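Since the structure comes first, as C-alpha cells, the remarks are kept for the end.
This is a predicted model, so every value here is computed, not measured. Numbered from 1 within each chain, the chains take letters A, B, ... in sequence-line order.
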Amino acid sequence: MSSMTKRAQQRTDLLQGTLDMLILRTLIYGAAHGHEIGKHIQRTTNDFLQMQHGSLYPALHRLEQRGWVVSKWEMAPDRNREFKYYRLTKKGRKQLVVEESKWKRMAEAVARVMWPTAEES
Amino acid sequence: MRWWWQLNKSEADLERELRCDLELEEEQQRAMGLPPEEARHAAQRAFGNDVLIKEQIREAWGWVPFDHSFEDLRYALRQFRRSPWFAFTGMVVLAVGVGVSVAIFGFVDAALLEPLPYRNPSRLMLHRFAACLVGGFALVALLLGVIGLYGVTAYAVSQRTREIGVRMALGAQRSSVYRLVLGQAGLLTAAGLAIGLLCSVGTSMLIRKLLFSVQAWDVATLTTVAFVLALASLAASLQPAHRAASVDPVQALRGE
C-alpha cells in the first residue's frame, strides 16, 4: 500500500510542478482570481485540462507562500463584487523562466525517446 | 496569541475566497441555462470536495505539522487527566531517576574528576573506588528510570490497542500513531525531567552542607543527565510506539 501512495505522490508532484507553471504563465496577462485562472487554462486547452479546483487553490496558496504571487481583495471590473486577485511578483517571473526551461528539457527528453530522429537511431 | 489571530483571519479569508469563486461558478452555470438548483449542484461538482481543498491549502501554509503536534499534546494531557495515576507513576519514576543520578554524578564529579584538596591524593584510592561504585549506582538509577518509562509506555499502548485499531481503521497513518505514542511519552519525560531536575538541585544543596566541593548548580551535570535521559526515554518509547503502529485494525477490533 505504501508503494502505491508513493507512486501517487510522485504523479501529483509532476502535475504540481506543471500546474505551478501554468498558473504563473496565466498571470503574465495580469492579476486574476482563482476562478478566472482555472477557466482560462480550461478554455485555452479546449477543455483538455479540466481545471480541478481541488488542485488549483492549494497550488495558488503554495505559490503565495513561496512569494511568487501576492494576493489582494479587489473589486471585479465587470461586476459589483470583490474577489481575491493574485498577481505575479518579480520572483514569480524569474521562477516562470526556470519552470519553463525545466519543462522544455523534460519535453525534449521525452520526445527523443518517443520519436528518435534518423541520425540518432 | 498573535499567530492564533492570524490563523483565524486566514481561515476566514480562505472561506470567503472559496465562497466567492463558487458563487461565480454557480452564476455562470445559471447563465448557461441551468435551473438554479441544478446550477448550484453543478458548481459544487466542478469545485470538488471543499473540506479536502481546505485541508490541502492548510498544508500548503505549512501549519499542519504544528497543528497536529499541538493536537497530540492536548490529547496526551487529556489522557493524563483521565488516568492521573498512570501519569503520576511515570513522572515519579523518571523524576527519581533524574534526581538520584544528578545528585550522585555531582558527587562523583567532585570526588573523582576534580583534584582533591588533600596533601597526598594517591592515598585516596579507596575514595576513588567508592566514587566509582556510587557512580555505578547513578547509572543503575538512570537505567531504572528508563525501564520504568518503557514499562509505563508499553502498558499504555497495550491498554489502548483497541483505540489505536479504531483510529487505523478510520484511516490514521502509521506515522500519526507513532506521533501519538511518542508525544505522550515525550510529555511524560519532559514533566519527569523538570520535576527531577528541581528535586536534584534541592538534594545537591543538602549534600553540599554535608560534603565539601559539591556544587549545587552544576550545569554540565544537569544538562548531561537531562540529555541522556531524554535520549534513553525516546529509545524506550520507540519500541512500544512501533508495536502500536503495527497494530492490525481487524485484530484489534475483533479482540474483546
Side-chain angles (χ1 to χ4, degrees), chain A residues 1-6 8-9 12-13 15-17 19-20 23 26 31-43 47 49-87, chain B residues 6-7 9-32 39-66 168-169 171-178 245-250:
Chain A
M1 195 199 131
S2 71
S3 77
M4 224 171 80
T5 38
K6 201 178 273 174
Q9 186 71 43
T12 49
D13 278 352
L15 290 174
Q16 214 173 68
L19 183 60
D20 289 358
I23 292 171
T26 305
H33 54 77
H35 191 263
E36 277 178 346
I37 297 171
K39 277 277 137 94
H40 175 264
I41 295 176
Q42 197 172 327
R43 232 183 1 246
D47 287 352
L49 289 178
Q50 291 278 340
M51 232 27 264
Q52 281 278 319
H53 290 71
S55 46
L56 180 63
Y57 287 96
L60 276 170
H61 282 257
R62 203 169 45 238
L63 294 180
E64 190 180 9
Q65 204 72 25
R66 289 179 191 160
W68 297 342
V69 300
V70 285
S71 66
K72 201 175 160 205
W73 284 93
E74 274 170 38
M75 204 63 99
D78 52 339
R79 61 192 86 221
N80 197 17
R81 197 142 44 126
E82 274 194 329
F83 287 98
K84 196 172 182 183
Y85 276 90
Y86 290 88
R87 191 169 271 118
Chain B
Q6 180 69 33
L7 184 79
K9 197 172 150 251
S10 303
E11 280 291 326
D13 200 61
L14 173 60
E15 189 79 36
R16 189 174 159 210
E17 180 184 7
L18 292 181
R19 203 186 49 235
C20 279
D21 285 7
L22 184 66
E23 276 169 12
L24 183 64
E25 175 73 28
E26 193 183 326
E27 249 169 56
Q28 290 183 351
Q29 297 275 2
R30 227 172 358 204
M32 268 156 44
R40 207 176 60 231
H41 288 314
Q44 267 160 2
R45 261 202 309 279
F47 226 71
N49 183 349
D50 67 326
V51 176
L52 190 68
I53 296 172
K54 281 186 207 155
E55 196 59 38
Q56 283 170 341
I57 290 172
R58 279 184 214 116
E59 233 164 85
W61 288 344
W63 290 342
V64 165
F66 182 67
M168 291 183 96
Q173 299 283 313
R174 280 169 63 99
S175 60
S176 57
V177 176
Y178 262 106
S246 41
V247 162
D248 180 8
V250 179

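- Minimum heavy-atom separation, B:Cys20 to A:Phe83: O-CE2, 3.6 Å.
- Using a 4.5 Å heavy-atom cutoff, the side chains of A:Tyr57 and B:Leu14 are not in contact.
- Counting only heavy atoms from C-beta outward, the side chains of A:His35 and B:Gln28 approach each other to under 4.5 Å.
- Looking at B:Glu17 and A:His61, their side chains do bring a donor and an acceptor atom within 3.5 Å of each other.
- At a threshold of 4.5 Å between non-hydrogen side-chain atoms, the residues A:Arg62 and B:Ile57 do not count as touching.
- With a 4.5 angstrom heavy-atom cutoff, A:Glu36 does not touch chain B via any of its atoms.
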Could you go through the side-chain contact (heavy atoms from CB on, under 4.5 Å) check for A:Lys84 and B:Arg16 one step at a time? CA-CA 9 Å; A:Lys84 196 172 182 183; B:Arg16 189 174 159 210; over 6 Å; no
